Structures are given as C-alpha cells and as structure tokens.
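Working notes for the structure below.
Ligands are counted one by one from 1 in listed order, and the atoms in each one are counted from 1 as well. Every heavy atom of this structure was used, including side-chain atoms; hydrogens, water molecules and symmetry mates were not. This structure is a prediction, so every number in the text was calculated from the model and none was measured.
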Amino acid sequence: MMICSVVGARPNFMKMAPIIHEMRKRGFEQLLVHTGQHYDEKMSQVFFDELNMPAPDIYMGVGADTHARQTAKIMIGFEEFCFEKKPGLVIVAGDVNSTASVALVCSKLQIPVAHVEAGLRSFDRTMPEEINRIVTDHLSDLLFTTEVSGNENLRKEGIPEEKIYFVGNCMIDSLYKYLSRAIDQQPWSNFNLDPRHYALITLHRPSNVDDLKNLDYLIDIVNGVSNTLPLIFPVHPRTRKQLLFCKRPLAERVILCDPLPYLSFLGCMAKASFVLTDSGGIQEETTALGVPCLTMRNNTERPSTVNKGTNILVGNERQEILASVEKILSGKFKKGEKLPLWDGNAAQRVVDIIELKYTEKCL
Ligand code: UD1
C-alpha cells in the first residue's frame with residue numbers, strides 16, 4: 001500500500017518532515033504531494049532543504065487565490081492524483097486550506113485520512129483555520145492529537161474514541177532535532193544583536209493585518225514595545241503587501257526582514273527575550289523553548305500553552321502588552337513547564353499507529 005503525505009503551506013513542513021523520515025526509515029512505500037499553496041523560495045523551498053525533505057513527487061502549483069478558488073484547485077489536482085496513484089492512506093497536517101481540501105477529496109473517494117494535529121479548537125468560526133480543523137477532523141479516520149484539549153474537543157463532537165490517538169507534537173520533534181544546529185548559526189548576529197537582548201515579532205493573521213486601520217494601530221504598539229528592546233520582524237508576504245499601504249512608519253529599532261529560513265527563525269526564537277506573535281505554531285514552539293510568548297489574539301486553539309506553557313493572550317491591548325513586557329524584563333513572568341509527550345518522539349508514535357492499523361499493507 002502506498003502512503004501519501006500532503007503539504008501545502010509553511011506550517012505544514014516542520015510537522016510532516018519527521019513523519020516522512022520515520023516512514024522512510026521503516027521502508028514504507030510513500031509519495032509526497034506539495035499543493036503549492038505557499039510557493040515563494042522563502043516560504044517553501046528553503047524549508048524542504050533545511051528539513052532534509054525529499055523533493056515532492058507531485059507539485060500542484062495552486063498558488064494564492066480566494067479561499068473557494070484555492071480549495072477548488074487543490075481538490076481538482078488532488079483528485080486526479082488519487083485516480084492515478086491510488087494511495088491507500090493520506091496524511092495531512094494542521095489547519096491550512098490544503099489540509100481540508102485534501103481531506104474532502106479523500107472522503108469522497110473513500111481513501112482513509114490521517115490528521116496530524118487534530119482536535120484543536122479556538123471556537124472562533126471567523127478564523128478560516130477553525131473551519132479547516134472541523135472539516136478535516138470530521139472526515140479523518142486517524143486523528144493524532146497534540147494536547148489533551150484536542151481529545152476532549154473531539155469526544156464532545158462525537159468522534160469515536162477508537163479513531164483518536166494522543167501522540168504529542170510532531171512540530172516539536174523538528175524543533176528538538178534542529179535546535180542546537182540553529183543556535184550554532186547565531187542568526188541574531190546577522191542583525192547585530194546579542195542573545196536575550198532583542199525580541200522577535202510575527203504578524204500575519206488576516207484579522208490583524210488585512211484591515212489597515214487595525215494594522216496601523218498594531219504598528220503603534222510594536223513601536224512602543226521597541227522602546228524596551230530592539231525587535232526582529234520577519235515579514236509574512238500577506239503583511240508585506242499591507243505594510244506598503246500603512247501610514248504609520250515603523251520605529252528605528254523595529255528591524256524588518258524577509259521571512260526567515262527554519263533554522264534562522266528557530267535560533268532567533270530560542271535566544272529571544274520574548275516573542276510577540278499572532279501565529280498558532282509559535283505559541284507551541286516558545287512553550288517548548290521556555291521563551292515568554294505574548295499572543296496578539298483573543299483566543300487560542302492551543303490552551304495548554306497558556307495553562308501550562310509560557311504563552312499569554314494579550315489581544316490588541318496596548319497596556320496589557322507593555323505591562324507584560326515589563327514583567328518579562330524584570331524576571332516576574334511565568335516560567336512554564338514541559339508538556340506531556342512533547343518529547344521529540346511524536347512522529348515515531350504516529351508511524352507506530354499507522355503500522356499497527358495498516359501493518360501488512362504498508363511494506
Ligand atoms: C496560510 C494559512 C495560515 C497559516 C499561514 C502561515 C490558510 C487558510 N491559512 O495563511 O493558517 O498560519 O499560511 O504562513 O490556509 N503569498 C506569497 N508567497 C507565498 C505564499 C503566499 O506571496 O509563498 C501571499 C499570497 O499572495 C497571499 C498571501 O501571501 O496574498 C496569503 O497567502 P495564503 O496562502 O492565502 O494564506 P496565508 O495568509 O499565508
């Protein structure tokens with residue numbers, strides 16, 4: 001039986017890489033499909049190189065578009081692929097449009113789907129990712145969860161217990177594997193900065209950057225934060241486009257740069273004083289690293305990073321953000337703890353279960 005892994009956008013790559021490596025180790029017959037949702041060298045190829053991923057067997061090149069068109073293009077391309085290659089199992093990860101589109105195709109063709117990072121819920125259906133999570137989970141046959149809230153959410157939604165497996169976090173497998181290499185590169189020195197004497201910021205969520213008034217307001221906050229420490233700001237393409245129209249100039253100590261490769265970003269994150277972000281994955285990576293994270297959102301689908309980790313939700317509240325920075329700099333911020341099964345072995349557990357369920361078919 002041939003197993004097909006699908007990736008499409010930047011946050012998929014570090015989740016899928018350790019699974020692909022593990023399956024290769026065990027001699028599985030596998031194919032890798034890249035939908036091409038993210039297509040820039042800096043959003044895609046550099047991650048394949050650094051994570052030592054094989055070149056995709058099929059690159060669909062769907063590119064950016066409206067949600068409906070992007071979803072439709074992925075579905076058409078992936079259905080053709082399935083007709084031709086007849087995969088016995090398809091693995092998808094996370095919550096991007098590629099994830100849900102592929103799950104939809106598979107369910108119509110009765111091809112089993114394994115969802116890595118299942119069960120996360122922000123309970124905010126204005127987020128496209130929340131729709132993708134719900135759709136994907138309800139169409140999947142194997143649901144691999146990263147934290148206990150995932151199991152609880154799936155149970156409440158009526159997903160049968162025997163489909164749900166708490167395996168830990170594959171993205172954190174990649175983090176541990178590459179951390180020392182990332183720190184050895186000293187990527188902060190490219191910005192003439194010293195460890196712990198800077199902060200890192202990322203902003204790309206449509207709710208934060210698509211509305212120019214809101215973005216303007218956020219830039220004002222970011223400028224305020226930069227009074228305390230210099231900020232490295234790798235800019236996502238969505239944000240880059242919007243910044244062109246923003247009236248408020250960025251302060252001098254906000255250092256804009258292109259999206260960073262995996263190792264550079266990981267190294268900068270590991271040695272940051274704190275991280276200011278609206279990303280999903282970075283909330284988890286900072287918790288694994290023990291680095292304070294201020295999340296510029298009002299909700300999170302990753303509650304264990306707040307309850308046990310180093311993350312807090314600060315929304316777009318200027319006072320709250322500046323007070324939290326103050327706490328961090330005076331050493332009064334919470335320290336966080338390690339989360340269960342975020343131990344670098346999640347991909348092994350994923351592949352163990354796939355092997356158990358599809359044993360004689362895999363090899
Ligand atoms: C997507 C995911 C989001 C994830 C994010 C990580 C969905 C619904 N959203 O959002 O969950 O956190 O990826 O980055 O799937 N662009 C480029 N080059 C690229 C990719 C995109 O210039 O390589 C531009 C596009 O032209 C588009 C914008 O960036 O205007 C947004 O890209 P898109 O794929 O629509 O979603 P993201 O905002 O990246």
Considering only protein heavy atoms, which is closest to [atom], and at what distance to one decimal place?
atom: atom 6 (C) of ligand 1; answer: Pro11 CD, 3.6 Å
atom: atom 2 (C) of ligand 1; answer: Val96 CG1, 3.7 Å
atom: atom 24 (C) of ligand 1; answer: Pro237 CB, 3.7 Å
atom: atom 13 (O) of ligand 1; answer: His38 CE1, 3.1 Å
atom: atom 17 (C) of ligand 1; answer: Tyr39 OH, 3.1 Å
atom: atom 18 (N) of ligand 1; answer: Asp40 OD2, 3.0 Å

Exercise for review: Using distance alone, decide if ligand 1 has a nitrogen or oxygen within less than 3.5 Å of any nitrogen or oxygen in Asn97.
Suggested key: yes
Check your understanding: N/O to N/O below 3.5 Å, does that happen between His236 and ligand 1?
Key -> yes
Practice item. Let me see the working for Arg238 and Asp210 under salt bridge (Lys or Arg N to Asp or Glu O under 4.0 Å), right down to the final yes or no. Key: CA-CA 8 Å; Arg238 174 187 287 280; Asp210 282 1; 2.9 Å; yes
**Study point:** Ion pair Arg10/Asp40, N-O distance below 4.0 Å
**Key:**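 No, no charged N to carboxylate O under 4.0 Å.
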Of all the atoms in ligand 1, which lie at a distance below 4.0 Å from a heavy atom belonging to [X]?
X: Ala64; answer: 25 (C), 26 (O), 27 (C)
X: Glu129; answer: 3 (C), 9 (N), 11 (O)
X: His67; answer: 8 (C)

Under 3.5 Å side-chain donor-acceptor pair for [X] and [Y]:
X: Asn311; Y: Thr305; answer: yes
X: Thr202; Y: Thr277; answer: yes
X: Ser98; Y: Gln37; answer: yes

Revision key, fill the gap. Closest to atom 26 (O) of ligand 1 by heavy-atom distance, out of Met127, Arg238, Lys241, is Lys241
Study note, to complete from the structure: Nearest heavy atom to atom 5 (C) of ligand 1, choosing from Glu130, His204, Arg10, Glu41, belongs to His204
Check your understanding: Does the separation of the ring centres of His34 and Phe48 fall below 6.0 angstrom?
Key -> yes
Review point. Are Tyr165 and His115 near enough that their ring centres are under 6.0 Å apart?
Key: no
Check your understanding: Can you find a pair of side-chain heavy atoms, one from Val6 and one from Val90, that are under 4.5 Å apart?
Key ->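 Counting from C-beta outward, Val6 and Val90 do come under 4.5 Å.
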For residues 174-186, please give each side-chain donor-acceptor pair under 3.5 Å, one per line with the distance, not counting sequence neighbours.
residue: Ser174; atom: OG; partner: Met14; partner atom: O; Å: 2.7
residue: Tyr178; atom: OH; partner: Leu51; partner atom: O; Å: 3.3

